[in-house]
Amino acid sequence: MRRGTNLGRLGDFNQAVILESIRRAPDGISRVELASSTGLSPQTISNVVRRLLDDGIVREDRTIVSGPGKPRTVLELEGNRLVSIGIHLDPSILSFVAMNLRGEVLRERSIEVPNLEVASETVQLMATTVKELIAEIRVPKKHIVGVGIAVPGPVNVEEGVVLNPPLLDGWADVELVNPLRKLLRLQVIIEKDTIASAVGELWQSKEEKTDDFVFVYCGHGFGAGIVIDGEVHHGSSNNAGEIGHYSTGHKSVFCEECGADDCLASGTSYEFIASKAKERGLELPAYEILGPEQRAEGMNRLTELALEGNAVAKELVTETMVMAGEVAGQLANALDVREVVFGGPQWDKVSELVGADVDAAVKRRFGLRTVHDIDTRTSALGANVGAVGGACVVMDASLSPKATALLLR
């Protein structure tokens, strides 16, 4: 738990520390317990809590008696006082959530296989859908903290620009943040989707996270979010977690980007999977022009067949996910983590089908198994983990205590 300081000029940081403690106490927390968990003086606790009560962010819920002395008043969040919106742009699905301060999803919406050919039309669709969500939840706009967009990398976070995602044809140097700010008149933040998903895993946890883990996002493509010492690793350009060109150890096709023939990106591409399916007697949809929409349709069809029990489709889906597991095992080796978390829209569909095989693949590639175990689990955030992550990025940026707040200015 981050501890505060009793210096008055750092009130904003102290408020964030206290709010974080209250947020992570699902059954509420007293002022005495806040003093213990934050290291702040009773006077500082009292002053900050009074501000939070006045702002309607926290409420006094009930009193409890614990031993001799004055009964303690329990503080809890006023959940819907602050709401954030999350958007996730994946080549196969466009998803939205409205999330409150407690981390509860108030509304969600998704568009399967969206038409992403014209970026400006997609931006307009995002703005329209966000406005509809805000109208549905009936929260005053002044209580909307902002909008977080989770997008495939690479991304320029400072400029709010999607650079050139490999599976989003026509999305080179597309500006997202400024157009959405103008359309929505709200604060907008952009984040790489795998990093946003890792932020979501941490922010949604009701326990203090000090462990290290790798989050593997499984959607139309694959990526990783890296958490070290309870902090999400962003990398020097905010693009950490690119695992598409890790070697899987399985020959596929030549990759024009990395020059290898065994990388994760080429081995899990729809083009390669469709060719393998044909060799095994399974015809998947073929297209004259293969763009994001067509790849998504083809992969969705493969998944449907696998879930319906088609043996060849089950083999192909399993082989694809096992490659992701083997790469995750390699990444776990490099980072010396104890846990790998899988999530995303594709994983949500097939986890029961492939979970045991993927777990075995991670463990097989994890070279430190003689030193400590490696565990795998499925994210509790579901198919909309990217959108939830986007919403959490906004909350985290606005409300979580940051070490930079302690810098002298």
Side-chain angles (χ1 to χ4, degrees), residues 153 192-195 197-202 204-219 221-235 239-252 255 258 260-268 273 306 314-382 385 389:
K192 187 165 177 269
D193 54 5
T194 55
I195 292 175
S197 297
V199 171
E201 282 292 313
L202 282 177
Q204 288 276 14
S205 172
K206 298 307 178 187
E207 299 176 357
E208 283 302 313
K209 280 282 188 181
T210 55
D211 294 340
D212 308 331
F213 66 89
V214 169
F215 180 92
V216 179
Y217 174 81
C218 307
F222 296 91
I226 300 166
V227 176
I228 302 295
D229 292 333
E231 298 287 343
V232 177
H233 177 66
H234 289 256
N239 282 292
E242 289 292 332
I243 60 174
H245 299 290
Y246 267 58
S247 170
T248 65
H250 301 277
K251 296 285 186 181
S252 54
C255 176
C258 70
D261 63 357
D262 65 347
C263 71
L264 181 63
S266 60
T268 59
I273 292 171
K314 287 170 67 175
E315 286 178 359
L316 291 169
V317 168
T318 301
E319 289 170 10
T320 299
M321 290 298 181
V322 162
M323 282 191 278
E326 291 179 333
V327 166
Q330 295 176 64
L331 189 57
N333 274 335
L335 299 172
D336 189 18
V337 299
R338 296 179 181 272
E339 186 178 48
V340 178
V341 183
F342 288 89
Q346 185 67 5
W347 182 260
D348 194 61
K349 293 177 182 177
V350 303
S351 58
E352 292 188 10
L353 182 67
V354 303
D357 292 289
V358 171
D359 178 72
V362 171
K363 289 179 167 60
R364 183 167 61 248
R365 284 297 188 103
F366 186 64
L368 294 173
R369 54 186 173 273
T370 58
V371 180
H372 63 77
D373 293 334
I374 183 79
D375 296 320
T376 64
R377 68 174 173 86
T378 292
S379 170
L381 302 185
V385 60

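- With hydrogens and angles disregarded, a donor-acceptor distance shorter than 3.5 Å links the side chain of Gln330 to the backbone of Ser247.
- Within the structure, ring pair (Phe, Tyr, Trp, His ring centres under 6.0 Å) pairs that include any residue of residues 348-379 comprise Phe366-His372 (at least two apart or interchain).
- A 4.5 Å side-chain heavy-atom check between Glu201 and Phe213 finds at least one atom pair inside the cut-off.
- Within the 4.5 Å cutoff, the side chain of Phe342 has heavy atoms near those of the Val362 side chain.
- Between Met321 and Asp357 the shortest side-chain heavy-atom distance does not fall below 4.5 Å.
- Considering CG of Asp359 and OG of Ser351, their distance stands at 12.5 Å, rounded to 0.5 Å.
- In terms of modelled atom types and a separation under 3.5 Å, the side chain of Asn333 and the main chain of Gly367 share a donor-acceptor contact.
- Side-chain atoms of Val322 and Arg364, non-hydrogen and from C-beta on, do get closer than 4.5 Å to each other.
- To the nearest 0.5 angstrom, Asp373 atom CG is 10.5 Å from Thr370 atom OG1.
- Between Ile273 and Thr268 the shortest heavy-atom distance is CD1-O, 3.5 Å.
- More than 12 non-hydrogen atoms from other residues, nucleotides or ligands lie less than 6.0 angstrom from NZ of Lys363.
- Listed for the Arg365 side chain is a donor-acceptor partner under 3.5 Å among the backbone atoms of Thr248.
- Taking the ring pair (Phe, Tyr, Trp, His ring centres under 6.0 Å) definition, one finds that Tyr217 meets it with His88, sequence neighbours left out.
- When all heavy atoms of Ile374 and Ala332 are compared, the closest pair comes out as CD1-CB, 4.0 Å.
- Counting heavy atoms from C-beta on, the side chains of Leu202 and Phe215 never come closer than 4.5 Å.
- Residue Cys263 comes nearest to Ser252 through the heavy atom pair O-OG, 4.3 Å, listed as atom of the first residue, atom of the second, then distance.
- The shortest distance between side-chain heavy atoms of Val385 and Trp347 does not fall below 4.5 Å.
- Residues Glu339 and Val341 meet the side-chain proximity criterion, which asks for heavy atoms closer than 4.5 Å.
- For the atom pair CG (Asp336) and CG (Asp212), the distance works out to 8.0 Å, reported to the nearest 0.5 Å.
- Here CG of Asp348 is found 10.0 Å from CD of Gln346. Values are rounded to the nearest 0.5 Å.
- When all heavy atoms of Ala224 and Leu331 are compared, the pair lying nearest together is CB-CD2, 3.6 Å.
- The backbone N or O of His250 lies less than 3.5 Å from no partner atom in the side chain of Asp262, so there is not a single donor-acceptor pair.
- The minimum heavy-atom distance linking His245 with Ala265 is given by the pair CE1-CB, 4.1 Å.
- Taking both residues in full, the closest heavy atoms of Ala361 and Glu326 are given as CB-CG, 3.7 Å, listed atom of the first, atom of the second, then distance.
- The shortest distance between side-chain heavy atoms of Val232 and Val227 falls below 4.5 Å.
- Looking only at distances, no side-chain donor or acceptor of Asn239 sits under 3.5 Å from a matching main-chain atom of Lys192.
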